[in-house]
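Here is the structure we will look at.
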Amino acid sequence: MAPPPPTPRPDRTVPDKPSIDGLEEKWSAAWDAQGTYRFDRSKARAEVFSIDTPPPTVSGSLHVGHVFSFTHTDLIARYHRMRGDEVFYPMGWDDNGVPTERRVENYFGVLCDPALAYAEGYEPPTEPAKERRDFERISRRNFVEMCHRLTGTDEQAFEELWRHLGLSVDWELSYTTIGVESQRASQRAFLRNLARGEAYSADAPCLWDVGFQMAVSQAELEDRERPGAYHDLVFGADGGDLTISTTRPELVVSCVALVAHPDDERYRARFGTTVRTPVFGVEVPMVAHELAEPDKGTGVAMICTFGDTTDVTWWRELDLPARAVIQRNGRFRDDAPEWLTSDEARSAYGRLAGKNAKQARREMVELLRDSGALIGEPEPITHPVKFYEQGYDPLEIVQSRQWYIRNGGRDEALRGALVDRGGQFAWHPDYMRVRFDNWVGGLNGDWLVSRQRYFGVPIPVWYPVDASGEPKFDEPIVPDESTLPIDPQSHVPPGYDESQRGVPGGFVGDPDIFDTWATSSLTPQIACGWEDDPELFARTFPMDMRPQAHEIIRTWLFSTVVRSHFEFDTVPWAHAALSGWILDPDRKKMSKSKGNVVTPMGLLQQYGSDGVRYWASSGRPGVDTVFDEQQMKVGRRLAIKLLNASKFALSFGAADTSQVSRALDRALLGSLADLVEECSRSFEEFDYARCLERTEAFFWSFCDDYLELVKGRAYGPTDEGTEPAVIDGAEGPDAGSASAKATLSIALSVLQRLFAPFLPFTSEEVWSWWMEGSVHRAAWPDAAELRKIAGDWDPTVLSVAGEVLREIRRAKTEAKVSMRAEVASVSVSDTTERIAALDQVADDVRDAGNASALSTEPGEFAVTAVLA
RNA sequence: GGGCGAUUAGCUCAGUUGGUUAGAGCGCUGCCUUCACACGGCAGAGGUCGGCAGUUCGAGUCUGCCAUCGCCCACCA
């Protein structure tokens, strides 16, 4: 249902000296008090526009990039609200997860030690230790308390910033990813995945961050260039020695085979034979696999358990034994492994025991050199190494039991179905869809969702403990959905009591938590009240819009699609809108780590929220945008202009819209109708920037030309001769003035509404001077209505008047006189059509140019102005 | 290695199905202060549209190749 048409106030109150200062406080308080952005949950699904807002990570402060992209969402929200949609616009805070833990550790100077007991009334050190190793150790529960304390204050600051920026969020709809509702949704969704076989646990090699002591998923990887070196090693064999090249010589002890391409003639005869590893003398087979590349090094590679993800593939597909020595702490195991049988081998291993990969490499190179197995010297190179995107150490691959959710990484059919999902909603801009296809198509493993961390949603399962004290991981005990959320560390599974925890015949709780994406992949479910509030859910899901950054297509966007696919057999939204990045003037992505981030609140105060929003609004969907304070200054100026132009236009008084009669006025309203149409179309395509650009251009020409042309007439009949003769006997002496006043009112009301999404504070201010209610609940302008008033209009009237006026001004500029200087006569030559158009506005042009006479003749366009 | 996007005035960017002498803002230069706005107004200078071919009566716009930049993805021993 469309909002009612704008209703003028009976009394106008226009300030003498309008200002944009203080509008943020004034109007955000008013909106809050009036519930301007409150969601009306009685509306039917078809009337609702629901937004799956990205919950910002609460681990510090919001930066200007957040301001940028969140403004974009707000523009869309405000447009739809004015179109009559009931906008469901919640705000979430992503406060669980590793970044929060990291911030809490550094902020308070504490580290979590799950072995410690809870300390009642704990207070963190007043002065946090400088070095991480000196941080205070606290219990898991105390640590979680500290997380809540810090995220609580952060979230308050975030909300304050968003309100100041003017996001039209319904603050009663806010949620946190660590909150009870999120935990319940996260655990419920997981249990359903488990029941349907979409989630499973497995003891398998996984990517492991040694620093964080936790597993990570494929989606959280990034490559970083690191120095390394090729080492050429000789493997002994009866059929002749073989040379391989490796960057990880320390893993020779974990070597389980050598591999070459099945078609490689050089090694064909060797397949099925064995070779001996250098230093350790372990017999390993020579095997064939297509992934081995003949033209790389010698064409033979060493398969270790596990040096990289290719090793995992080979190990799995070739059914090789696992001989891992690197432990979860990143160090080589202390005792010599059982596959080393000779004394020499075991004593050689003694030099590696307990060392980290780097130290072990140094030792191993010496061992190899001494044994003569190292050919030449290591050749330094730079190569990409896999890191956890938030981590500090190269990832290792260790074998451990983890939980997974299927995502098509091991299942062709599922992968195909998920790729198809990417085609079932609209992407803005559309080319971003390719990234989704690339990512899903390239998956090579299921989604690892368990994390060995503390501040997050607990994995809601227990395991029975057998008589010998071993947990039976294949028979997890699950809670009833009605009891969620639960923490298996403190809750007891059905049929057990606390005394049975950890004892033979009893149970143990899963100690891990979910990856943060496992919960944030459910933001539609969380925000819309899945199962907890079925009525709300029915009115808001599937959602209309998912705004987000393009760099998290592979994580947030994809995982949300996966969860919705499994649970609802649908896509979670109709539209995905991808925002670009903010680049600093050097064209690098702005980020905290680069130290080039400007604090948003300072900018909002300096340029006004509307000024900053103006800059953000100029960034088109998906396009990276340069951080440019100049643009904020321009935005601020535009806001001030809107105040002053509104004040001026309103100073002439009101007139009925039926009074529009003059050709110039009809031309203005006609072109305004074109503008409205283009703006509406642009917004429907999520191209808010085009609407702003066109509206702004129209507005400046409205101020520079139309206002100047019409103000004399609007003041009313003054001296003799300015008012034309009665036309058709219908017009009185005030007809021209009434037409101007009516047009000014209509145009102003339309322009204020077109600016409302972009400059919400200024628009609301000028609207309040003369209209009832909030502009943000007013109806979006209607092009058809404008066309009706404009009737049969001629755009030439407006353009020719502007052009002649410009020529008169130029004459004054060249003569270095004031724009108010009198002009004795103006003569215009132009085509007969344009002369005819000009004749219809001759009085206005003469008036605006302060000219006594205006004559026209056919010919080439030329204007001659003779100054008085 | 595969892919996506960008390349238009000193800077930031428009340019919608190919159509008259390529646009805006900022910056720069000059001029104008009572009468909406000096947190202003008016005007001016400034571009071989990354390069080379091609299609066309006509190309900033379409096609191909190349270059530079940014990003995404990749099993990079």
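Within every chain, numbering begins at 1; the chains are lettered A, B, ... in the order of the sequence lines, protein sequences first and strands thereafter. Only heavy atoms go into these numbers, but all of them, side chains included; no hydrogens, no water, no symmetry mates.
Remark: the His72(A) side chain and the Ser579(A) side chain contain an N/O donor-acceptor pair separated by less than 3.5 Å. Side-chain atoms of Tyr614(A) and Glu696(A) include a donor-acceptor pair closer than 3.5 Å. At a cut-off of 3.5 Å, with distance as the only test, a side-chain donor of His550(A) or Arg435(A) sits close to an acceptor on the other residue. A side-chain donor from one of Asp610(A) and Thr762(A) sits under 3.5 Å from a side-chain acceptor of the other.
With rounding to whole Å, Asp264(A) atom CG is found 14 Å from A77(B) atom C1'. Taking atom NZ of residue Lys647(A) and atom P of nucleotide C37(B), one finds them 5 Å apart after rounding to whole Å. When rounded to the nearest whole Å, the span between NZ of Lys633(A) and C1' of G27(B) equals 10 Å. Atom P of nucleotide C39(B) and atom CG of Asp610(A) are separated by 19 Å, given to the nearest angstrom. Atom OH in Tyr688(A) sits about 11 Å away from atom P in A14(B), given to the nearest Å. Rounded to an integer number of Å, the gap from CZ of Phe68(A) to P of U12(B) is 15 Å. Atom pair His261(A):NE2 and C75(B):C1' shows a separation of 13 Å (rounding to whole Å applied). Computed from coordinates, the Glu860(A) CD to U20(B) P distance equals 18 Å when rounded to whole Å.
Other residues, nucleotides and ligands contribute only 12 or fewer heavy atoms inside 6.0 Å of the NZ atom of Lys358(A). Counting heavy atoms of neighbouring residues, nucleotides and ligands inside a 6.0 Å radius, atom CD of Glu860(A) does not exceed 12 of them.
Out of C32(B), C73(B), U16(B), the shortest distance to the side chain of Glu678(A) is found at U16(B). Side-chain proximity of Lys641(A) to G70(B), A36(B), C75(B): nearest is A36(B). For Val634(A), counting side-chain heavy atoms from C-beta on, the closest listed nucleotide (A77(B), G25(B), G15(B)) is G25(B). Proximity note for Ala645(A) (side chain, C-beta onward) versus C31(B), A36(B), C13(B): the nearest is A36(B). Side-chain proximity of Val434(A) to the nucleotides G30(B), U12(B), C4(B) is greatest for C4(B). Taking every side-chain heavy atom of Arg694(A) into account, U16(B) is the closest of C13(B), G41(B), U16(B). Of all nucleotides listed (C39(B), A77(B), C71(B)), C39(B) comes nearest to the side chain of Arg636(A). With U12(B), A36(B), C73(B) as the candidates, the nucleotide lying closest to the side chain of Arg820(A) is A36(B). Nearest nucleotide to the Leu291(A) side chain, out of C26(B), C75(B), C42(B): C75(B). Checking A77(B), A36(B), C72(B) against every side-chain atom of Trp314(A), the shortest atom distance belongs to A77(B).
Of the two residues near RNA chain B, Asp21(A) and Trp439(A), the one whose nearest nucleotide lies more 5' is Asp21(A). Along RNA chain B, the nucleotide nearest to Val817(A) and the one nearest to Arg681(A) differ in position, and the one closer to the 5' end is contacted by Arg681(A).
The shortest distance between the side-chain N/O atoms of Arg806(A) and the OP1/OP2 oxygens of A43(B) is below 4.0 Å. Between Tyr230(A) and the phosphate of C76(B), there is no side-chain N or O to OP1/OP2 separation shorter than 4.0 Å. For Arg637(A) and G41(B), the shortest distance from a side-chain N or O to OP1 or OP2 is below 4.0 Å. OP1 or OP2 of A43(B) lies within a sub-4.0 Å distance of a side-chain N or O belonging to Arg809(A). Between Arg554(A) and the phosphate of C73(B), there is a side-chain N or O to OP1/OP2 separation shorter than 4.0 Å. Put simply, Gln218(A) has a side-chain N or O that comes within less than 4.0 Å of OP1 or OP2 on A74(B). In this structure, Lys17(A) does not reach the A36(B) phosphate: none of its side-chain N or O atoms is under 4.0 Å from OP1 or OP2. Distances shorter than 4.0 Å separate some side-chain N or O of Asn444(A) from OP1 or OP2 on C75(B).
Residue contacts shown for Thr313(A) are absent, as no nucleic acid heavy atom lies under 4.0 Å away. Across all strands shown, Ser651(A) has no heavy atoms under 4.0 Å from either base or sugar-phosphate atoms. Across all strands, Ala292(A) comes closer than 4.0 Å to base atoms (heavy-atom distances). Using a 4.0 Å heavy-atom cutoff across all strands shown, Asp704(A) reaches sugar-phosphate atoms only and no base atom. Across all strands shown, Thr813(A) has heavy atoms under 4.0 Å from base atoms, whether or not it also approaches the sugar-phosphate. Arg248(A) comes within 4.0 angstrom of no nucleic acid atom, judged by non-hydrogen atoms across all strands. As judged by a 4.0 angstrom heavy-atom cut-off over every strand, Glu293(A) is placed among the base-contacting residues. Residue Cys703(A) is in base contact, counting any heavy-atom pair closer than 4.0 Å across all strands shown.
When both pairing distances are held under 3.5 Å, A77(B) makes no Watson-Crick or G-U pair with any nucleotide shown. Nucleotide G47(B) forms a pair with no other nucleotide shown, judged by Watson-Crick or G-U wobble geometry with both contacts under 3.5 Å. Pairing of U63(B), defined by two Watson-Crick or G-U wobble distances under 3.5 Å, is identified with A53(B). When both pairing distances are held under 3.5 Å, G25(B) makes a Watson-Crick or G-U pair with C11(B). Shown here, U68(B) forms a base pair with A6(B); the pair counts as Watson-Crick or G-U wobble because both key distances fall under 3.5 Å.
The P atoms of A74(B) and C62(B) are separated by 31 Å, rounded to the nearest whole Å. Only the C1' atoms considered, U8(B) is 8 Å distant from G47(B), to the nearest whole Å. Nucleotides G27(B) and U12(B), compared at atom C1', are 11 Å apart to the nearest Å. Across the P atoms, C65(B) and C71(B) are found 24 Å apart, a figure rounded to whole Å. Between the P atoms of G40(B) and C49(B), the separation comes to 35 Å (whole Å). Rounded to the nearest Å, the gap between the P atom of G41(B) and that of U48(B) is 31 Å. A45(B) and U29(B) have their C1' atoms separated by 7 Å, given to the nearest Å. For G19(B) and U61(B), the P atoms lie 11 Å apart once the distance is rounded to whole Å.
Judged by distance alone, the side chain of Asp232(A) and the main-chain N or O of Ile375(A) form no donor-acceptor pair under 3.5 Å.
In this structure, the ring of Phe68(A) has its center less than 6.0 angstrom from the ring center of Trp615(A). For Tyr688(A) and Phe755(A), the distance between ring centers is not under 6.0 angstrom.
Ring planes of Phe686(A) and His428(A): parallel class, angle under 30° (limits at 30 and 60°).
In this model, a side-chain donor or acceptor of Asp223(A) finds a partner on the base of C76(B) within 3.5 Å.
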